[in-house]
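This report refers to the structure that appears directly beneath it.
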Amino acid sequence: MTACLDISNLSATLSNGQRVLRSVSLSVEPGEVRALVGESGAGKSMIGKAVLGVLPPSVKIVEGSIRLEGADLGALSAKERRRVIGAKTALIPQDPLTALNPSRRVGPQMTDRLVHILGWAADRADKRVRQLLDEVHIREPDRVMRAYPHELSGGMRQRVLIAAAFAAEPRLIVADEPTTALDVTVQKQILRLIAQLQKEHGTAILFVTHDLGVVAKISQKVTVLYAGKVVEEADTAALFADPQHAYTRALMAATPKYTDPLASLMPVDEAVLAGLAAEIAIADHDWRPSLDRKSGHG
Amino acid sequence: MILQRFLVRLLTMAVTLLGVSVVVFVIIRVAPGDPIAMMLPPGASQADIDRLRALYGLDRSIVEQYFIWLSGVLQGNFGTSISLRQDVMSLVLNRLPATLELATVALLIALLIGMPLAILGAREQGTAVEAGIDVANGAALSIPDFLWGLALILLFGVLWPVFEISGRVSPRLELPFVTQFYLFESILRLRLDLTKDLISHMFMPALALALPLAAIISQLLKLSLKEVMTLDYVTLARVKGFSETSVILREALKNAALPTLTLVGVQFTFLIGGTVIIERLFSYEGLGNMAIDAVINRDLPLIQGIVLVFALIFVLINLAVDMMYALLNPRLRHG
Ligand SMILES: Nc1ncnc2c1ncn2[C@@H]1O[C@H](COP(=O)(O)OP(=O)(O)O)[C@@H](O)[C@H]1O
Ligand SMILES: [Mg+2]
């Protein structure tokens, strides 16, 4: 069976030559949730953006490939890539406050992909979006769809964005820390909602988070990232039962229990970080990007 | 709440106009040059001079003169032009439409040049296309409108004479117009032959006025487009599959237009100020051209009338900008 998402040996650099992704490989099978966990700045969002073709102009892919259901994104023209990504993927963004256009009503922002990209009739798109609003427990679809974003609360907007993401039945959703910007009380509801919709729709999700508690709750597989490098990859249950890499163990020790938000965050053991830094320095020294792919896609 | 804001607004406008009228009134009277001396041939008797001074009220103190003038204005009487011996109000109203048409056409040209360049530059950011647009903007901005006027006269008037270089309309034409808005009326009457003649006269002065403004619109709108295009909702639109052009048009343009709009309002008032010299350069019979004659002749009532009308236009433009700002921004509309 072709993987829903298959990233292999992906390396990316900033314009000053600094590496942000180091030969990253990971895959997401159809219907599976893969968590991508690591500290802030590890490059998690970079991977998500690379998959969705929205890397900032300063970041170039120098090596490796990204396949969406077998289609190699790097081999497609920009227009083709946009079409494939638009048809197969969706994004649940990190910050619901900035992810909706402040000057457009919510309804058209939810239906526009269905109508303009997928070519649905307007009433079918409308019906579909209402159905999804119901699934995310929004009881007044008329009011919400007529509203401007600033008239809705943060949690409400994230529900809207989740509903919009699932509405087109994408094969893969990239969820980039979808609960981080929300109130603690709302975080759990939103997480439960995503898990529930994922099960019902059978959508594969690449779930980016820095929170191991969230990993445990939502994912079947997990990839641990440090400084743009995959340090461990495992079934979620296996990872928690028997973490293999020292960094993973340190991260676990540093993570307070998900149910205990007051527990203090411990710094990751310094010896572990020093070891990792040495490992990465050696890898960078040996690293030679193949010269036939100077400019990546993005 | 809204009514209160509106009243405050009206009051500010009135105070602004009053302030402008005081400043202009004093300056043109303190400045050297005697309007009466200009009216009479050399060697006129002192008695004649005094009689004329009294006729125009120039023998009174400045404060007295001002209040006489102001009470007239409040009754709709702007006085009589010294050099043209006609009612100031009707002189101004006769010329104003020509200037308004010129400024409107210039604004349209500026938008038609500036907006597409901004969109193109934002779409092609970081490429040679954007660099080329930046260079063109820099050039258009650093050359003032009257120099553009001279360059255009050389280009389209002399080297490749396709446009008229002087006047508002060809004198040989029979004009059926009942208003002074020749251009708008010719379009409404479907007299496209006249429209063509009017445009042919208006094109160069309007383009000269428009070029610096076009550069400002292009540069500023491009900057705010680029800024808006890094925002999350734009990223989301790209993920949805929208092309870069439709991302700009659907998501970015309206929000990026807000900061541009305010500045365009300010710059448009500069453009109207620029009509004074440009109308002179192209012998275009508008208010600006008349203003220069009025200053040369020390025609105090006419200068006051013209300046007050310009000030009123500036104030109204600011009001229009604020209203459009509120209209484009849903947060203000509901707040
Ligand atoms: N627009 C950008 N231009 C250049 N570098 C960036 C940009 N955004 C992020 N980075 C850098 O790339 C690295 C990875 O960032 P990111 O993927 O956002 O981390 P994470 O999502 O894991 O917190 C960081 O070192 C960050 O400083
Ligand atoms: Mg991130």
Side-chain angles (χ1 to χ4, degrees), chain A residues 15 45 48-49 51-58 78-105 108-119 147-151 157 161 164-165 167-168 170 172-174 176 181 298, chain B residues 119-131 133-134 221-262 323-335:
Chain A
S15 38
S45 297
K49 286 175 184 165
V51 170
L52 299 173
V54 289
L55 281 174
S58 54
K79 203 173 154 197
E80 269 298 298
R81 184 160 59 238
R82 192 106 315 291
R83 202 188 58 74
V84 168
I85 290 170
K88 291 186 193 291
T89 72
L91 167 67
I92 301 176
Q94 174 161 7
D95 187 353
L97 299 189
T98 57
L100 287 165
N101 188 333
S103 66
R104 294 179 63 207
R105 289 179 200 275
Q109 298 195 56
M110 299 185 72
T111 55
D112 57 5
R113 158 195 249 142
L114 301 177
V115 174
H116 296 288
I117 302 298
L118 303 179
Y148 284 96
H150 70 272
E151 296 168 316
R157 285 189 232 185
L161 288 161
L172 173 76
I173 288 179
V174 176
D176 190 351
Chain B
I119 292 170
L120 184 67
R123 207 188 71 178
E124 307 289 326
Q125 40 186 297
T127 68
V129 174
E130 193 196 2
I133 290 173
D134 286 345
L221 185 60
K222 176 160 74 76
L223 255 174
S224 35
L225 275 175
K226 283 168 74 172
E227 207 173 295
V228 170
M229 282 164 74
T230 64
L231 298 180
D232 289 351
Y233 61 82
V234 173
T235 302
L236 197 60
R238 289 192 181 113
V239 172
K240 285 175 184 172
F242 286 100
S243 73
E244 207 59 12
T245 309
S246 58
V247 163
I248 293 176
L249 295 180
R250 296 170 58 88
E251 306 282 346
L253 191 57
K254 196 169 166 194
N255 296 315
L258 283 178
T260 314
L261 183 65
T262 318
M323 276 162 47
M324 275 167 69
Y325 198 91
L327 211 70
L328 281 174
N329 190 341
R331 252 172 290 203
L332 278 183
R333 206 180 323 160
H334 295 260

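Here the structure is a predicted model, which is why all the values come from computation and not from measurement. Numbered from 1 within each chain, the chains take letters A, B, ... in sequence-line order.
Proximity to chain B is absent for every atom of A/Leu118, based on heavy atoms less than 4.5 angstrom apart. In this structure, the portions of A/Ala99 lying under 4.5 Å from any heavy atom of chain B include both its backbone and its side chain. Within the 4.5 angstrom heavy-atom criterion, only backbone atoms of A/Leu100 (N, CA, C, O) approach chain B.
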Could you tabulate the donor-acceptor pairs under 3.5 Å formed by side-chain atoms of residues 233-242 of chain B, not counting sequence neighbours?
unit_1: B/Tyr233; atom_1: OH; unit_2: B/Asn255; atom_2: ND2; d: 2.9
unit_1: B/Thr235; atom_1: OG1; unit_2: B/Leu231; atom_2: O; d: 3.4
unit_1: B/Arg238; atom_1: NE; unit_2: B/Glu244; atom_2: OE1; d: 3.1
unit_1: B/Arg238; atom_1: NE; unit_2: B/Glu244; atom_2: OE2; d: 3.2
unit_1: B/Arg238; atom_1: NH2; unit_2: B/Glu244; atom_2: OE2; d: 2.8
unit_1: B/Lys240; atom_1: NZ; unit_2: A/Gln109; atom_2: O; d: 2.8
unit_1: B/Lys240; atom_1: NZ; unit_2: A/Asp112; atom_2: OD1; d: 3.1
unit_1: B/Lys240; atom_1: NZ; unit_2: A/Asp112; atom_2: OD2; d: 3.4

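Here the CZ atom belonging to A/Arg104 is positioned 4.5 Å from the CD atom belonging to B/Glu251, to the nearest 0.5 angstrom. With rounding to the nearest 0.5 Å, the separation of CZ in A/Arg82 from OG in B/Ser246 is 9.5 Å.
Counting heavy-atom pairs under 4.5 Å between each of A/Asn101, A/Ile117, A/Thr98, A/Leu52 and chain B puts A/Asn101 at the top.
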